[in-house]
K.L.:
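Please see the structure below; I have some questions.
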Amino acid sequence: MTSLEKVYDPKPVEAKWAAAWRERRMFRAEPKGERKKRFVIVIPPPNVTGALHIGHALNNTLQDVLIRFHRLEGQPTCWVPGCDHGGIATQNVMEKQLKTEKKSRFDLGREAFLERMRAWTKECKSTILGQLARLGCALDWDRESFTMDEARARSVYAAFEHLWKKGLIYRGHRMVNWCVRCGTALSDAELEREDRKTKLWHIRYPGAPDPGAGADGSEGLIVATTRPETMLGDTAVAVHPDDSRYQGLIGKKLKLPLTPYEIPVVADAAVDSSFGTGAVKVTPAHDVNDFEIWQRHPEIGQRQVIGFDGRMTPEAGAAYAGLSREAARDKVVADLGEGLVKTEDHANAVQTCYRCGSLIEPMLAWQWFVKMESLAKAALAAHEAGRFKLSPESWSKPYSDWLLNIKDWCISRQIWWGHQIPVWYCLECHPDIATKPFQTIPDLKGVVSKTKPNHCPDCKSRKGDFIQDPDVLDTWFSSALWPFSVFGWPEKSADLDFFYPTSVLVTGYEILYLWVARMQMMGLELMGDVPFHTCVIHGIVRDKSGKKMSKSLGNVIDPLVMMDKYGTDAFRFSLVVQAHPGKDMPFAEESITGARNFGNKIWNSSRFVLMNLPDQAPEGGYRLSGLGRSKLELADRWILAEYEQAIEMARVRYAAYDVAAAADALYAFLWDKFCDWYVELAKLRLTGPDGEAKETVRAILVQVLLGTLKLLHPVMPFITEELYQALKGYGGEDAPWILGSPRPGGEGWKDEQAVARMTRVMEAVGALRALRAQLNVPPGLKLRVLTAGDGEGLRLVEEHQEYVKTLARLDAIDGAAGARPPHSATALAGGLSFYVPLEGVIDFAKERARLEKEAKDVVAQLERCRAQLSNQNFLSRAPKSEVDTIRQRQTDFEAKQNRIREILENLS
RNA sequence: GGGCCGUUAGCUCAGCGGUAGAGCGUCCGCCUUACACGCGGAAUGUCGUGGGUUCGAAUCCCUCACGGCCCACCA
């Protein structure tokens, strides 16, 4: 069989199997089999904002690897696909689109806007799911879910209702993070922090003309601020109660410059006397700390000077109303005149919107919140009890710290794209609400209902005049339900019973709090169990120089382009082999070529095996079970031992979510052991006359290759499927697909002795090859070699001289030479010397240099041995086996040193 | 201000208590009948600093330096 091309061409192969798997519904998961053994993953649903990027490629490849691995292990597996509606992010994309048409969402109106959103997201979904299929993802396509489809809307309503009834959801007037560009409140977890260079402005607030105030009082005091524009909304100045500088001022009034107001000086322990001037201007409506000071000093009141549109309100004074925050700042600073005492440079951390990057404005607003304390406690307890683990473990502390310091979760968003809050207000009770922004309306009484209620429990009106709360829920609210909403919760079903809780969640650390923690809390609250027992956290794919990839930096690598160029398997391998648990990964396109080369190596080694098989597979195929151990040569026992070890290693690593290590182990085995040594040695018998020996080699080649392909399949699904199909008949496999085939390994081929012996032979080959290369012996020239040395090694080489001859390109090995023949070079390996007569060819100067270098290495090694063995403590305290090892090493090196010395003396 | 993670060959990274490794790159030689996306060979490391534990430390502990990340209301 030689139909395989010389160079692997991934395109047709990938297309073929992707289609075949899909057609056969290969990855359909039924709630059947041993529940205990199930392995279930729900996809972190990508936002429907466009196409998948390389981070998605890594994330989904890792999941696919785990799913395929566990499937290979014979477990029932289920991987649920789906997308997230993406709330603000998606709405922003659409608003940008509208902008190019010179329209806003308000021009369209809510319903028309949502209609467009639905059309757009539908398109996006199919792009994304297509890309996942292209990546080879073993998803159960029949289970595709969307956070805003009907079933998930039922889950969202059920969750809201449950939390409401339990008193865990409330509408409150609180300080919230307001994005003036997106026009909505955000949760704390949705903020980014950024260090910015700014100024610290020192402003004098003069004393008010108070008859009781002394001379000092009229000077007032100086406050330091990074936000002068907010002074228009100041309602107090706070100082530390113990600050001696300001004792006389506490309780006195100050004139607030640029305004008609007088504000009091209050004492508050939250003030840090060492910062700035030790006096803080207090703007309760626009600063979280100041808000809290107001709570402690209610008499100071508050004044909102920045509106929800980011512009100054009339409250800020006629001169400033309507200005942007930035313009107001400039104007305030300019208007202060002599009141501005000093301006200094200052670095400070500002909060920005994670979706659009705008500066966040802390604002007082009416919003919906989830009470988090009890939910977080349950999640903490589950984590502490080991019911939920993070991998790598180092994320545990940040995770539990976050839960420990949790604040209530603001879940209402003033946007249109999302699940509208299922709360209705009676227009009889609240006649004027339709015309006002809801975040400004206090004390609303609402009815929680999926549909418009027909009577009001309060005023008993049966008119049915209700309007629904216009806000939508945080997109992460529906994502938090994902691990059970995808199985139809709150409906009871066989799916939900069988698949929940899921097994692992694979994600990047950037959404640990936004998503992972909230799923844990919601799962525990609504399902009574953790949604998954382990969260596998991977790093971020960065560019070559370690920078985050971003469109604006122009350093993005498009997964589709890479798959086109190098093949999906190569792309996947290159991602996975660098994905060391929890670590970010600098990724360069060049790294894919190595993976492509590996694919080609797999391809060609399989080609080689197939070329050496008869057209017709023997009855039952080539099996290892039929091989008598006595028929096996050293190389056979060695490769089987190495094979078993590699398989075991890969399996252990996969099971521990260390996919990189698994891939690495298989790569090293297949290339460095199987191809470089076994295949070369196999040629001896494959081209030889012994029919039985040939069959033995064939069986080993077929089985070792098949087994390795199986363990490689999770990482490189396409090429391994293709080769499995070509080989399975020869392997006596019945399974139609590689995923259903029996798991390899555990067949008892471990053989330390074979490994030790083969290692010695390999060392001999290595020494001879090095000698050839270093003395520039023409590659075509076959050599005749004489051996000398210790008995066991000599016997080994003699016994396996065919190995040494082919691999080192020798004509003949003549045993037991007495002395070194003249005009010969010497290769040293273990306790053996190989004399290579090279009359006329040999360059003695080169040979001398070569041996002298080797002698130098030996001296260094001997030095170490001697130092250790002359250390009494080492002899008495180190384990005996270790001491013996060093003794043996010393003996060996001494012998080698003597041999080199002898050769050098006689060299001519 | 807390916490976490790095610092190993020119580059990117494994190794994490017993003679320093891989890939890429570099150099030398090869179209050796599976593969030039290949084969053979070679060069290259005070394993960030300083201490400690140990018979023995790249590996464990502490100090510091540098880099990165996460969290935090310093106006």
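By convention in this document, chain letters (A, B, ...) are assigned in the order of the sequence lines, proteins followed by strands, and residues within each chain are numbered from 1.
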K.L.:
Taking only side-chain N and O atoms of A/Lys281, does any of them lie within less than 4.0 angstrom of OP1 or OP2 on B/rA75?
P.N.:
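Checking B/rA75 against A/Lys281, no side-chain N or O comes under 4.0 Å of OP1 or OP2.
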K.L.:
Tell me what A/Val679 touches on the nucleic acid: a base, only sugar-phosphate, or nothing, going by heavy atoms under 4.0 Å.
P.N.:
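If one applies the 4.0 Å heavy-atom cut-off, A/Val679 turns out to touch a base.
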K.L.:
When you compare B/rC47 with B/rG41, how far apart are their C1' atoms, in angstrom units rounded to a whole number?
P.N.:
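It comes out at 26 Å once rounded to the nearest Å.
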K.L.:
In whole Å, I'd like the distance from the CG atom of A/Asp401 to the C1' atom of B/rC4.
P.N.:
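These atoms are roughly 10 Å apart.
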K.L.:
One thing to verify: whether A/Lys853 and A/Asp857 come together as a salt bridge, which I'm taking to mean a side-chain N less than 4.0 angstrom from a carboxylate O.
P.N.:
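Salt bridge: yes.
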K.L.:
Select one nucleotide: of B/rU12, B/rA75, B/rA34, the one nearest the side-chain heavy atoms of A/Pro586.
P.N.:
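The nucleotide sitting nearest to the side chain is B/rU12.
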K.L.:
Would you kindly give the CG-to-P distance between A/Leu404 and B/rG3, to the nearest whole Å?
P.N.:
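After rounding, the reported distance stands at 15 Å.
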K.L.:
Using a 4.5 Å cut-off on heavy atoms from C-beta on, say whether the side chain of A/Gln351 contacts that of A/Glu190.
P.N.:
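Of all side-chain heavy-atom pairs linking A/Gln351 with A/Glu190, none is under 4.5 Å.
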K.L.:
Let's test your reading of the model: under 3.5 Å, does the base of B/rC35 pair with the side chain of A/Lys601 as donor and acceptor?
P.N.:
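Yes, a donor-acceptor pair under 3.5 Å.
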K.L.:
Which nucleotide in the set B/rC39, B/rA75, B/rU32 lies at the smallest distance from any side-chain heavy atom of A/His346?
P.N.:
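Among the listed nucleotides, the one closest to the side chain of A/His346 is B/rA75.
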K.L.:
So, A/Lys805 and A/Asp811, do they make that salt bridge, N to O below 4.0 Å?
P.N.:
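Looking at A/Asp811 together with A/Lys805, the answer is no, because their closest N to O distance does not fall below 4.0 Å.
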K.L.:
Please work out if A/Lys583 contacts a base, only the sugar-phosphate, or nothing of the nucleic acid, heavy-atom cut-off 4.0 Å.
P.N.:
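Sugar-phosphate: the residue A/Lys583, judged by heavy atoms under 4.0 Å, touches backbone atoms but no base.
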K.L.:
With a non-hydrogen cut-off below 4.0 angstrom, is A/Glu590 in contact with a base, only sugar-phosphate, or nothing?
P.N.:
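The answer is nothing, as A/Glu590 stays clear of every strand by at least 4.0 Å.
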K.L.:
So does A/Glu5 reach the base of B/rA34 with its side chain, donor to acceptor, closer than 3.5 Å?
P.N.:
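There is none.
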K.L.:
Do A/Ile540 and A/Met585 come within less than 4.5 Å of each other through their side chains, counting heavy atoms only?
P.N.:
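They are not in contact (no side-chain heavy atoms under 4.5 Å apart), so the answer is no.
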K.L.:
Take the protein atom CH2 of A/Trp603 and the nucleotide atom C1' of B/rA36, then report the distance between them rounded to whole Å.
P.N.:
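Distance, rounded to whole Å: 19 Å.
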K.L.:
Among B/rG18, B/rA34, B/rC73, which nucleotide sits nearest the side chain of A/Gln868?
P.N.:
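Between B/rG18, B/rA34, B/rC73, the one nearest the side chain of A/Gln868 would be B/rG18.
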K.L.:
Check whether any side-chain nitrogen or oxygen of A/Arg227 sits under 4.0 Å from OP1 or OP2 of B/rA75, and answer yes or no.
P.N.:
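A/Arg227 to B/rA75 OP1/OP2: no side-chain N or O under 4.0 Å.
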K.L.:
Sort out for me which residue in A/Asp287, A/Thr235, A/Asp234 forms a side-chain hydrogen bond (donor to acceptor under 3.5 Å, both in side chains) with A/Lys281.
P.N.:
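With A/Lys281 as partner, side-chain hydrogen bond (donor to acceptor under 3.5 Å, both in side chains) holds for just one option, A/Asp234.
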K.L.:
Identify whether any heavy atom of A/Val288 sits under 4.0 Å from a base atom; if not, whether one sits that close to sugar-phosphate; answer base, sugar-phosphate or nothing.
P.N.:
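The residue A/Val288 makes no contact with any strand.
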K.L.:
If you check the A/Phe275 side chain, which of B/rC74, B/rC71, B/rA34 turns out closest?
P.N.:
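Nearest to the side chain of A/Phe275 among the choices is B/rC74.
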K.L.:
Using both distances under 3.5 Å as the test, list the Watson-Crick or G-U wobble partner of B/rC55, or none.
P.N.:
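Partner of B/rC55: B/rG18.
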K.L.:
When the distance from CD of A/Gln872 to P of B/rG56 is rounded to whole Å, what number comes out?
P.N.:
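Rounded to the whole Å, the gap is 14 Å.
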K.L.:
State whether A/Lys544 and A/Glu589 are salt-bridged, where the test is any N-O pair (Lys NZ or Arg NE/NH1/NH2 against Asp/Glu carboxylate O) under 4.0 Å.
P.N.:
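No.
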K.L.:
Return no unless some side-chain N or O of A/Arg877 is found under 4.0 Å from OP1 or OP2 of B/rC55.
P.N.:
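For B/rC55, OP1 or OP2 has a side-chain N or O of A/Arg877 closer than 4.0 Å.
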K.L.:
NA contact type, A/Lys853, heavy-atom cut-off 4.0 Å: base, sugar-phosphate, or nothing?
P.N.:
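It contacts sugar-phosphate atoms only.
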K.L.:
At under 4.0 Å between heavy atoms, what does A/Cys675 touch on the DNA or RNA strands: base, sugar-phosphate, or nothing?
P.N.:
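Base, at least one base atom sits under 4.0 Å.
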K.L.:
Nearest to the side chain of A/Ala770, which nucleotide is it out of B/rA42, B/rC35, B/rG18?
P.N.:
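Nearest listed nucleotide: B/rA42.
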K.L.:
Indicate, with a heavy-atom threshold strictly under 4.0 Å, whether A/Lys407 touches base, sugar-phosphate, or nothing.
P.N.:
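Contact class for A/Lys407: sugar-phosphate only.
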K.L.:
Atom CD of A/Gln351 and atom P of B/rC71: how far apart are they, to the nearest Å?
P.N.:
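So the two atoms are 11 Å apart, to the nearest Å.
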K.L.:
Check every strand shown and say whether A/Val609 touches a base, only sugar-phosphate, or nothing at a heavy-atom separation below 4.0 Å.
P.N.:
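Here A/Val609 touches no strand at all.
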K.L.:
Checking base pairs now: Watson-Crick or wobble, both atom distances under 3.5 Å. What partners B/rG6?
P.N.:
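The answer is B/rC66, by the H-bond criterion.
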K.L.:
OP1, OP2 of B/rG68 versus side-chain N and O of A/Lys548: anything below 4.0 Å?
P.N.:
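Checking A/Lys548 against B/rG68: no side-chain N or O falls below 4.0 Å of OP1 or OP2.
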K.L.:
Look at all strands and tell whether A/Arg889 reaches a base, only sugar-phosphate, or nothing, counting heavy atoms closer than 4.0 Å.
P.N.:
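A/Arg889: base contact, heavy atoms under 4.0 Å.
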K.L.:
Between B/rU12, B/rC39, B/rA36, spot the one nearest the side chain of A/Asp676, thanks.
P.N.:
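Of the options given, the side chain of A/Asp676 lies nearest B/rC39.
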K.L.:
Got a salt bridge between A/Glu894 and A/Lys896, using NZ or NE/NH1/NH2 to carboxylate O under 4.0 Å?
P.N.:
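No salt bridge links A/Glu894 with A/Lys896.
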K.L.:
Considering every strand and a 4.0 Å limit on heavy-atom distances, what is the contact class for A/Arg809: base, sugar-phosphate, or nothing?
P.N.:
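Base contact.
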K.L.:
Given atom OH of A/Tyr354 and atom P of B/rC70, what is their separation to the nearest angstrom?
P.N.:
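About 15 Å, once rounded to whole Å.
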K.L.:
B/rC30 P sits how many Å from A/Arg772 CZ, rounded?
P.N.:
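The answer, rounded to whole Å, is 12 Å.
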K.L.:
Where the side chain of A/Ala773 is defined as all heavy atoms beyond and including C-beta, which of B/rG40, B/rA20, B/rG23 is the nearest nucleotide?
P.N.:
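The closest nucleotide is B/rG40.
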K.L.:
Once you apply a heavy-atom cut-off of 4.0 Å, does A/Arg596 come out as touching a base, just sugar-phosphate, or nothing?
P.N.:
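The answer is base, as A/Arg596 lies within the cut-off (heavy atoms under 4.0 Å) of a base atom.
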K.L.:
Using a 4.0 Å heavy-atom cut-off, does A/Pro362 contact any base of the nucleic acid, only the sugar-phosphate backbone, or nothing at all?
P.N.:
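Since no nucleic acid heavy atom lies under 4.0 Å of A/Pro362, the category is nothing.
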K.L.:
Using both distances under 3.5 Å as the test, list the Watson-Crick or G-U wobble partner of B/rU46, or none.
P.N.:
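In the structure as shown, B/rU46 has no Watson-Crick or wobble partner.
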K.L.:
Could you give the CH2-to-P distance, from A/Trp294 to B/rA75, as a whole number of Å?
P.N.:
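My rounded result for the distance is 22 Å.
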K.L.:
The side chain of A/Ser394 lies closest to which of these nucleotides: B/rA34, B/rG38, B/rC5?
P.N.:
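Of all the options, the side chain of A/Ser394 is nearest to B/rC5.
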K.L.:
Is the closest side-chain heavy-atom distance between A/Ile54 and A/Met562 below 4.5 Å?
P.N.:
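Sidechains of A/Met562 and A/Ile54: no contact.
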K.L.:
I want to confirm an ordering. Mapping A/Asp584 and A/Trp677 to their closest nucleotides on RNA chain B, which one lands closer to the 5' end?
P.N.:
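That would be A/Asp584.
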K.L.:
Side chain of A/Asn289, base of B/rC73: donor and acceptor closer than 3.5 Å?
P.N.:
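Answer yes: a donor N or O sits under 3.5 Å from an acceptor.
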K.L.:
Who does B/rG38 pair with, Watson-Crick or G-U, both distances under 3.5 Å?
P.N.:
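Because both required distances fall under 3.5 Å, B/rG38 counts as paired with B/rC30.
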K.L.:
Heavy atoms under 4.0 Å, any strand shown: does A/Tyr513 hit a base, just sugar-phosphate, or nothing?
P.N.:
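The residue A/Tyr513 makes sugar-phosphate contact but no base contact.
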K.L.:
Nearest of B/rC55, B/rA34, B/rA14 to any side-chain atom of A/Phe608?
P.N.:
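Nearest nucleotide to the side chain: B/rA34.
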K.L.:
Using a 4.0 Å heavy-atom cut-off, does A/Thr226 contact any base of the nucleic acid, only the sugar-phosphate backbone, or nothing at all?
P.N.:
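Touches sugar-phosphate only.
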K.L.:
Among the nucleotides B/rC55, B/rC35, B/rC71, which one has an atom lying closest to any side-chain atom of A/Asn600?
P.N.:
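Side chain of A/Asn600 sits closest to B/rC35.
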K.L.:
Between A/Val765 and A/Asn597, which is nearer to the 5' end of RNA chain B once each is assigned its nearest nucleotide?
P.N.:
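The residue mapped nearer the 5' terminus is A/Asn597.
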K.L.:
Any carboxylate oxygen within less than 4.0 angstrom of a Lys/Arg side-chain nitrogen, looking at A/Arg325 and A/Glu361?
P.N.:
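Looking at A/Glu361 together with A/Arg325, the answer is yes, because their closest N to O distance falls below 4.0 Å.
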